[in-house]
Amino acid sequence: MKLQVGMKVRIKNNPKDYLFEAGKVKTITSHLPDFGKKRAFGLDGDEGIWCVEDFSENVSYPNLPMQ
């Protein structure tokens with residue numbers, strides 16, 4: 001499933017890599033220009049850059065693989 005604006009995703013539960021965001025559910029608020037060869041997203045209107053590899057699941061569609 002291609003991730004789209006409005007979908008909810010869960011950040012991987014890894015405090016070492018994601019510190020204060022580990023395990024939190026966030027909403028995709030923007031699709032950013034690709035980050036290298038990876039699709040990039042803005043979450044909850046913040047200024048960070050997130051990639052599919054940062055998410056453990058698509059909360060909106062948990063049974064479908066993310067792209």
Would you call Leu64 and Asn58 a side-chain contact if the rule is heavy atoms closer than 4.5 Å?
no
Once you round to the nearest 0.5 Å, how far does CD of Glu47 lie from OG of Ser30?
11.0 Å
First locate atom CD1 of Ile49, then atom CG of Leu32, and finally report the distance between them rounded to the nearest 0.5 Å.
6.5 Å
Residues in salt bridge (Lys or Arg N to Asp or Glu O under 4.0 Å) contact with Arg39, at least two apart in sequence or another chain
none
Looking at residues at least two apart in the chain, or sitting in another chain, which of them share a salt bridge (Lys or Arg N to Asp or Glu O under 4.0 Å) with Asp44?
Lys26
Please enumerate all residues that pass side-chain hydrogen bond (donor to acceptor under 3.5 Å, both in side chains) together with Asn14, with sequence neighbours excluded.
Asp17
With sequence neighbours left out, the residues meeting side-chain hydrogen bond (donor to acceptor under 3.5 Å, both in side chains) with Tyr18 are Asp54
With sequence neighbours left out, what residues match Gln67 under side chain to side chain contact (heavy atoms under 4.5 Å, CB included)?
Lys2
Residues at least two apart in sequence or cross-chain that pass side chain to side chain contact (heavy atoms under 4.5 Å, CB included) with Val59, listed by chain then number, are Lys8, Arg10, Val25, Glu57
Minimum-distance pair of heavy atoms, taken over all atoms of Ala22 and Pro15:
CB-N, 3.7 Å
Short question: side chain of Ser60, backbone of Met7 - any donor-acceptor pair under 3.5 Å?
no
Run the numbers on Ile28 and Val9 for side chain to side chain contact (heavy atoms under 4.5 Å, CB included), then give the verdict.
CA-CA 7 Å; Ile28 297 173; Val9 293; 4.0 Å; yes
Ring pair (Phe, Tyr, Trp, His ring centres under 6.0 Å) contacts touching residues 45-64 (sequence neighbours left out):
none
Which salt bridge (Lys or Arg N to Asp or Glu O under 4.0 Å) pairs, counting each pair once, include a residue from residues 58-67, with sequence neighbours left out?
none
